[in-house]
Amino acid sequence: MSDIIRLLPDHVANQIAAGEVVQRPASVVKELVENSIDAGATKIELYIKDAGRTLIQIIDNGKGMSPLDARMCFERHATSKIAHAEDLFALKTKGFRGEALASVAAIAHVTLQTRRAADELGTKVQIEGTELVNQEPVQCAEGTNFEIRNLFFNVPARRNFLKSDNVEFKHIIDEFERVVLPHHDIAFRLVHNDQEIYHLVPGPLRKRIVDVFGKNFNDRLVPVTEQTDIVALDGFVGKPEAAKKTRGEQFLFVNNRFFKDAYFNHAVAAAFEHLLPSKLFPSYFLFLEVDPKQIDVNVHPTKTEIKFEEDKAIYSIIRSAVRLGLGKFNITPTLDFDRESEFDLPLSMAGQTPVVPEIRVNKDYNPFHVQNTREGQFSTGKSSSGGSSGFKSNGFSAALNNAGFGSQFQSASLDELWNTESVNQEQEEEKSIQTQIGAESVKSLGPFILKGSFVVGSVPEGLLVFHYRRGYERMLYDELMRGFIVNPLASQQLIFPMEKKLSKQEQLAWNEHEKTLSRIGFNWNWEGQELQISGIPEILDESTVLSCVDKILEQLQMGILDKGEIAHTVLSQIAFAGSMSFKIQDNQDAISGFISRLFEAEEHTFSPSGKRIIAQITNEELFQLF
Ligand code: ADP
Ligand code: MG
């Protein structure tokens, strides 16, 4: 029998490679823009027709190519970027495989015009489906100009697989965003069907983000930076109130290369934990710099997945840097959920016999009765104006800042803030309207209860609306957490143990955290893989135990739950349950007391489960209604 193995002809091999590199027009955009960046361009223009089906043209002012290179660049594995295998481990360029242009040329009509600065004449090369059609000297600008026409002209299956122009163009925008963000020092222009979509001038990262995603991003960005031996981290995260229902603006870059990484993504989400409801996603633009030897960009042909040698350490660095960034902007709770050490007792308690845990939810507890308050800790709005103004100038102004108000409230007293006799002009107007409609009581408008769910109060800037059950949930939670940090929680024994079958991984994770779980008040036995819960935190309602355990397991399985977070999960459940029946008393003292007490909490804009407690309606928004 004769030999049957043959080498594939070039054009077939290129077409196969093209299948991996060029999935859609957006892939071409990505590859070509990256080449322009690698060529040192400071200005890159893109002209697209019909979402790239008809034309993708890219013009750069980079270093251009020699006549021979202009032909060579379409050969497979033709690259100027690596010469030796070792170069692979110290990559500074975006491309290195020498595959992109060969792939594109295999499935489109390509015209290249390019000229180096030193050359008088440039070169024009035309290629159709790997066939060289024409090469000639040409007068052209310095730099490189690629025109890619009729993508997939010879691969009907691919062509038919393309989605609508809208979808394909959206992919192009995605690629465009991923490349213009790290290269904010390069000017970019994107034109689609003769319409200019972006015109980006060089500038700092913050400006680039705002230019791409809109003006209102400007005051939503919180800087994040961290410098360690393993990684340098830089960039921005969006404030919690800018979070979205969809994973929109989430960008990770390593050495200025966009990549996707569920694990690091989780690190950011973990930093936002307790600040966002689980259904909302924070925006972020984070740039990692690592030694190229520490990463492997080779795992994926289009290189959006990257392997990190130190991924665990980088996870922690990202999480703590983001948290720190948020904390600096007074957004995160200061409770230290991150402590990896044991829960250490305060020094003053060393040597003492641990006391029986004392945390209880007192159903009759009303934080808004002045006599219930611990002296000096908080007071009602009224009495606070007479002296201890410590928390007001921190808590309240921070809340106002968080709620989007300016810092002009730094020194305002609560009485002033709730005073409707403001000289603010818009308010005067507002009042005269109200007087006209004869609502006498409106004049003395203080904070009031709305719909049994909200407390509404006016400040010169507009209205603040509080979801008071959530506010109460936050207060309960803080109280529980304060207690928990000092003492283990009390446990109540169940007459009939609750049973739950766990997977092997869940069981391992549970055992790994057994100390914390028992400190919270859980007692249990194992029957094989069945968890038999015989004791539960005393303050936890039996009916909520299993859902709480589910939540804990869910997070344990991700393998990154620390002690503080388990405590948080359980305590927030308890606080939630404890707040359900809460009703605020309908009188000014109680309501003002509620507000003061809420602002005493470090974190008063979000409930422990990340739901919003305070919202603002600005005067502008009010006026827009009319
Ligand atoms: P890679 O980028 O992996 O090297 P490509 O197929 O994308 O492979 O490009 C092949 C070569 O063509 C590059 O290494 C570079 O030398 C050259 N090249 C491509 N685009 C440009 C450009 N816009 N300006 C100058 N040279 C370019
Ligand atoms: Mg390339």
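As the structure lists them, so they are numbered: ligands from 1, and atoms in each ligand from 1.
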I'd like to know if the side chain of N255 reaches the main chain of R257, judged simply by a donor and an acceptor atom lying under 3.5 Å from each other, with no hydrogens or angles considered.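 Here the side-chain-to-backbone pair does not exist.
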Please check this pair: side chain of R116 against backbone of A118, looking for a donor-acceptor N/O pair closer than 3.5 Å.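 No.
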Ligand 1 contact by K63, heavy-atom criterion under 4.0 angstrom: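 K63 does not count as a contact of ligand 1 under the 4.0 Å cut-off.
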Can you tell me if E31 has a non-hydrogen atom under 4.0 Å from ligand 1?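 E31 does not count as a contact of ligand 1 under the 4.0 Å cut-off.
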Using a plain distance cutoff, I'd like to know if [X] has any nitrogen or oxygen under 3.5 Å from a nitrogen or oxygen of ligand 1.
X	answer
D38	no
A39	no
T144	yes

How long is the span from the CZ atom in F287 to the CZ atom in F251, to the nearest 0.5 Å?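 Separation between the atoms: 9.0 Å.
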Give the atoms of ligand 1, by number and element, whose distance to some non-hydrogen atom of [X] is under 4.0 Å.
X	value
M65	17 (C), 18 (N), 21 (C), 25 (C), 26 (N), 27 (C)
A100	6 (O), 7 (O)
G64	25 (C)

Nearest non-hydrogen atom to atom 5 (P) of ligand 1 belongs to which of N35, L32, V33?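 Going through N35, L32, V33 one by one, N35 has the nearest heavy atom to atom 5 (P) of ligand 1.
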Side-chain donor-acceptor pairs of residues 221-238 under 3.5 Å, sequence neighbours excluded:
residue, atom, partner, partner atom, Å
T228, OG1, I230, N, 3.3
T228, OG1, V231, N, 3.0
T228, OG1, V231, O, 2.8

For Y47 and H192, test the side chains for any donor-to-acceptor distance below 3.5 angstrom and give the result as yes or no.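 No, because no side-chain N or O of Y47 sits under 3.5 Å from a partner of the opposite role on H192.
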For a quick test of your reading: what N or O donor-acceptor pairs under 3.5 Å do the side chains of residues 138-145 make, sequence neighbours left out?
residue, atom, partner, partner atom, Å
T144, OG1, T114, OG1, 3.0
N145, OD1, Q57, NE2, 3.1

Any ion pair linking E196 and R189 (charged N to carboxylate O, less than 4.0 Å)?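 Result for this pair is yes, salt bridge flagged.
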